Engineer: 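Quick one: this structure, given as structure tokens, is what I'll be asking you about.
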Amino acid sequence: MARSSTAKDAQALLHSLRSAYAATPTNLKIIDLYIIFAVSTALIQVVYMALVGSFPFNSFLSGVLSCVGTAVLAVCLRIQVNKENKEFKDLPPERAFADFVLSNLVLHLVIMNFLG
């Protein structure tokens, strides 16, 4: 009986999350897909390293840190672009995107330097 109640609660939670996400603007959904892509790429690299090995360890670290760093910067972009976030209401989306691009450039310059 408790199990049935838990299953109903889980279904209600998933339904409410799905309906709330349906109201999310398209530009935020695109950023979400980019974040999912970056994180999944990092996970694929970790699985590959676990299966094959990490002979050039700097390359492995650079790839994973690049993916994770890009995902973190994309989360920051999503926070800044979100219209419901009152903290960044005066920040235009173009400025937030420019900050994202510039910080990605710096991140990848550091990653390239780390490769050696």
Side-chain angles (χ1 to χ4, degrees):
M1 187 168 186
R3 210 168 196 188
S4 172
S5 174
T6 305
K8 287 181 184 178
D9 289 343
Q11 287 177 349
L13 176 67
L14 288 176
H15 179 68
S16 66
L17 286 174
R18 189 178 308 126
S19 63
Y21 194 72
T24 304
T26 306
N27 61 348
L28 295 181
K29 289 181 181 179
I30 292 171
I31 295 172
D32 290 341
L33 285 174
Y34 181 71
I35 293 168
I36 291 169
F37 172 74
V39 170
S40 62
T41 304
L43 290 175
I44 289 171
Q45 289 179 9
V46 169
V47 168
Y48 179 81
M49 188 270 314
L51 293 176
V52 177
S54 64
F55 166 61
F57 194 65
N58 283 356
S59 298
F60 164 70
L61 280 181
S62 295
V64 170
L65 291 177
S66 173
C67 292
V68 171
T70 301
V72 168
L73 292 174
V75 168
C76 294
L77 175 66
R78 188 187 194 286
I79 291 171
Q80 291 177 358
V81 171
N82 191 357
K83 296 291 184 197
E84 294 177 7
N85 192 352
K86 303 297 183 205
E87 190 173 336
F88 297 102
K89 65 180 178 183
D90 296 332
L91 184 71
E94 294 83 9
R95 166 77 190 273
F97 186 70
D99 289 346
F100 172 73
V101 169
L102 198 62
S103 56
N104 256 316
L105 181 66
V106 171
L107 170 72
H108 286 91
L109 285 174
V110 169
I111 294 294
M112 290 300 232
N113 187 31
F114 184 69
L115 276 172

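As the structure is a prediction and not an experimental result, all values here were calculated from the model.
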Engineer: Got a list of side-chain donor-acceptor pairs under 3.5 Å for residues 11-30, not counting sequence neighbours?
Structural biologist:
from, atom 1, to, atom 2, distance (Å)
S16, OG, A12, O, 3.3
S16, OG, L13, O, 2.8
S19, OG, H15, O, 3.2
S19, OG, S16, O, 3.0
Y21, OH, D32, OD2, 2.6
T24, OG1, Y21, O, 3.1

Engineer: Can you name the closest pair of heavy atoms from L107 and G69 and give their distance?
Structural biologist: CD2-C, 3.7 Å

Engineer: Are Y48 and L51 connected, step by step, through hydrophobic side chains (Ile, Leu, Val, Met, Phe, Trp, Tyr) whose heavy atoms are closer than 4.5 Å?
Structural biologist: yes

Engineer: Might you point out which heavy atoms bring A74 and I35 nearest each other, and give the distance in Å?
Structural biologist: CB-CG1, 3.5 Å

Engineer: Would a hydrophobic clustering, with Ile, Leu, Val, Met, Phe, Trp and Tyr connected at side-chain separations under 4.5 Å, put F114 with F57?
Structural biologist: yes

Engineer: Which donor-acceptor pairs under 3.5 Å do side chains of residues 84-91 form with protein atoms, sequence neighbours excluded?
Structural biologist:
from, atom 1, to, atom 2, distance (Å)
N85, OD1, E87, N, 3.2
N85, ND2, I79, O, 3.1

Engineer: Below 3.5 Å, can you tabulate the donor-acceptor pairs from side chains in residues 38-46 to any protein atom, sequence neighbours excluded?
Structural biologist:
from, atom 1, to, atom 2, distance (Å)
S40, OG, I36, O, 3.0
S40, OG, F37, O, 2.9
T41, OG1, F37, O, 2.7
Q45, OE1, V64, N, 3.0

Engineer: Among S103, S66, S62, which residue meets the side-chain hydrogen bond (donor to acceptor under 3.5 Å, both in side chains) test with H108?
Structural biologist: S66

Engineer: Please report the closest heavy-atom contact between L73 and F100, naming both atoms and the distance.
Structural biologist: O-CD1, 3.6 Å

Engineer: Hey, quick one: are V75 and L65 part of the same hydrophobic cluster, counting side-chain heavy atoms closer than 4.5 Å, chains of contacts allowed?
Structural biologist: yes

Engineer: Does V47 share a hydrophobic cluster with F60, counting links as ILVMFWY side-chain heavy atoms below 4.5 Å and allowing steps through other members?
Structural biologist: no

